[in-house]
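Being a predicted model, the structure only gives us computed values, none of them experimental. Position 1 is the first residue of the sequence, and the numbers go up from there.
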Amino acid sequence: MELDERKLKILHAIIRTYLDTGEPVGSRTISKYTDLNLSSATIRNEMSDLEEMGYILQPHTSAGRIPSDKGYRLYVDTMLEAKTSEINSLQEELAEKEEKIDNVLQKVAKFLAANTNYATMVSGPRYQTKRVKFIQITSVDQDSLLAVIVLDNNVVKNQMISIDEPVEEEMIVKLNFILNTTLNGLDVLDMNLALIQKLKEQVGNHTQVIDSVLEVIGKTLVEEDDLEIYTSGATNILKYPELSDKSKAAQILDAFEEKKIMHSWLGLPDKSKSGEAHDIQVYIGDETHMESMKDCSMVTATYQIQEGVYGKIGIVGPKRMDYDKVVGTLNSLMGELDDIFKDKNR
């Protein structure tokens, strides 16, 4: 007898329902799955075949079915295979997209430096939120599990979890189910004590696993984004007498080499709440909140690749910079970037 696609869908529905309720699953419950669109009679026939094939069991006469070890094994293997394939595909797609975006942003930095005669900085894209996309727990040996957590920016975090006693395969499947149904799509900042308590109530004696997974997720809050920052035209600063003094110029040029200083301008406070798409802002002297830039002005603009994924462009020059030209150039460029990023997201 062949395990065709319909039988596989019904088996997965039985397992997901049983993991959620802990009760034997009947044909009427499975018939409510809209993606199956099958009658209860058809489902009963398929369930009989699945029982004969050893994938499900009937614990009591006239009761529903529960998964067998063979059924759990098939479910785990197909789930992990599908998720691994999905993660690999996403990472390849992201790598290709990032390479193209990197090239665009490098060209933007050079273009602005050449066209304004000022120094330019362009940050790589960063994510406004950090959401959980997928969690996978797998057994490594009797003393340890491996937790893989994928965030919505496709950052993958791995954590080895030491355990006091082996965790059965059925429980690992249940842990994966509970973690994914509870945390999928959730912003890391929204994980509160009530949610954590709910998780722990569902996993019984395996709260240690939940603690380890939450610890990995929590670490993403305090980790700095490893942003790429592209610069061009730093030596343009030397063209302006008021900035060409040896000590002043050295400070400014050093700032362009120091990544921590570069990160600080990404968090400059908004001076207006206009809500305009590109949020062009002008910071003069001390408004830059950087000692090395106190004799400069900086004009920044925000670009957006897609919802929640954005970066900043900054142009640095003397306080007497040609603001009209800089703002006009940025406005024109931002419109072109919108078109480029729309094409890349199709």
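Considering all non-hydrogen atoms of both residues, Gln106 and Tyr230 come closest at CG-CD2, 3.4 Å. When all heavy atoms are compared, the tightest approach of Ser40 to Ser31 is OG-OG, 3.7 Å. The minimum heavy-atom distance between Ala109 and Ser232, with the atom names listed, is O-CB, 3.4 Å. Smallest separation of non-hydrogen atoms from Ile161 and Ala147: CD1-CB, 3.8 Å. Residues Gly54 and Lys70 approach most closely at O-CB, 3.5 Å, considering heavy atoms. Taking each heavy atom of Ile237 and Val316 in turn, the nearest pair found is CD1-O, 3.9 Å.
Between the side chain of Asn236 and the main chain of Ala119, no donor-acceptor pair closer than 3.5 Å is present. When atom types are taken as modelled, the side chain of Thr17 and the backbone of Ala13 share a donor-acceptor pair closer than 3.5 angstrom. Remark: the backbone N or O of Ile284 is not paired with any side-chain donor or acceptor of Lys294 at under 3.5 angstrom. Remark: the backbone N or O of Leu179 is not paired with any side-chain donor or acceptor of Thr182 at under 3.5 angstrom. Remark: the backbone N or O of Lys312 is paired with a side-chain donor or acceptor of Ser123 at under 3.5 angstrom.
For Tyr72, there are no ring-ring contact (aromatic ring centres under 6.0 Å, His included) partners at least two apart in sequence or on another chain. For the salt bridge (charged side-chain N to carboxylate O under 4.0 Å, His left out) test, residues two or more places apart in sequence or in another chain that qualify with Glu169 are Arg73. In this structure, Lys319 has no side chain to side chain donor-acceptor pair (under 3.5 Å) partners at least two apart in sequence or on a different chain. Remark: Glu51 engages Arg65 in a salt bridge (charged side-chain N to carboxylate O under 4.0 Å, His left out) (not counting sequence neighbours). With sequence neighbours excluded, the residues forming a side chain to side chain contact (heavy atoms under 4.5 Å, CB included) with Asn158 are Leu146, Val148, Val156, listed by chain and number. Residues satisfying the salt bridge (charged side-chain N to carboxylate O under 4.0 Å, His left out) criterion with Asp143, sequence neighbours excluded, are absent altogether.
Placement of Leu38 and Leu11 within a single hydrophobic cluster is found when ILVMFWY residues are connected by side-chain heavy-atom separations under 4.5 Å, directly or transitively.
Contact check for Val25 versus Ile66: no side-chain heavy atoms found under the 4.5 Å cut-off. Considering only heavy atoms from C-beta on, Asp211 comes within 4.5 Å of Lys200 through its side chain. The closest side-chain heavy-atom distance from Met121 to Ile315 is not below 4.5 Å.
Taken to the nearest 0.5 Å, the CD1 atom of Ile210 stands 5.5 Å off from the CG atom of Leu175. For the atom pair CD1 of Ile43 and NZ of Lys9, the computed distance is 12.0 Å after rounding to the nearest 0.5 Å. Taking CD from Gln159 and CD1 from Ile137, the interatomic distance works out to 10.0 Å, rounded to the nearest 0.5 Å. Atom CD1 of Ile14 sits about 10.0 Å away from atom OG1 of Thr29, to the nearest 0.5 Å. Atom CD of Glu46 is separated from atom CG of Leu3 by 9.5 Å, given to the nearest 0.5 angstrom. The distance from the OG1 atom of Thr329 to the CG atom of Leu112 is 7.5 Å, given to the nearest 0.5 Å.
In this structure, Lys7 places its NZ atom where more than 12 heavy-atom neighbours from other residues, nucleotides or ligands lie under 6.0 Å away. Within a 6.0 Å radius of NZ in Lys198, other residues, nucleotides and ligands contribute 12 heavy atoms or fewer. No more than 12 heavy atoms of other residues, nucleotides or ligands sit less than 6.0 Å from atom CG of Asp69. The local environment of CD in Glu168 is sparse, with at most 12 non-hydrogen atoms from other residues, nucleotides or ligands closer than 6.0 Å.
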task: Show your reasoning for whether side chain to side chain contact (heavy atoms under 4.5 Å, CB included) applies to Ile149 and Phe134.
output: CA-CA 6 Å; Ile149 296 101; Phe134 173 62; over 6 Å; no
message: Could you walk me through whether Leu186 and Leu195 satisfy the side chain to side chain contact (heavy atoms under 4.5 Å, CB included) test, starting with their C-alpha distance in whole Å, then the side-chain angles of each, then the deciding distance to 0.1 Å, before giving a yes or no?
response: CA-CA 11 Å; Leu186 198 65; Leu195 181 84; 3.4 Å; yes
- prompt: For Leu105 and Ile313, what are the C-alpha separation, side-chain angles and deciding distance, and is it a side chain to side chain contact (heavy atoms under 4.5 Å, CB included)?
  reply: CA-CA 9 Å; Leu105 297 180; Ile313 297 172; 5.9 Å; no
Test log, rule side chain to side chain contact (heavy atoms under 4.5 Å, CB included), inputs Arg320 and Glu242: CA-CA 10 Å; Arg320 61 183 175 94; Glu242 63 267 46; 2.6 Å; yes
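Asp141 and Ser144 are linked by a side-chain donor-acceptor pair at a separation below 3.5 angstrom, with hydrogens and angles left out of the test.
Among Met298, Met321, Lys239, the one residue that satisfies the side chain to side chain contact (heavy atoms under 4.5 Å, CB included) test with Tyr118 is Met321.
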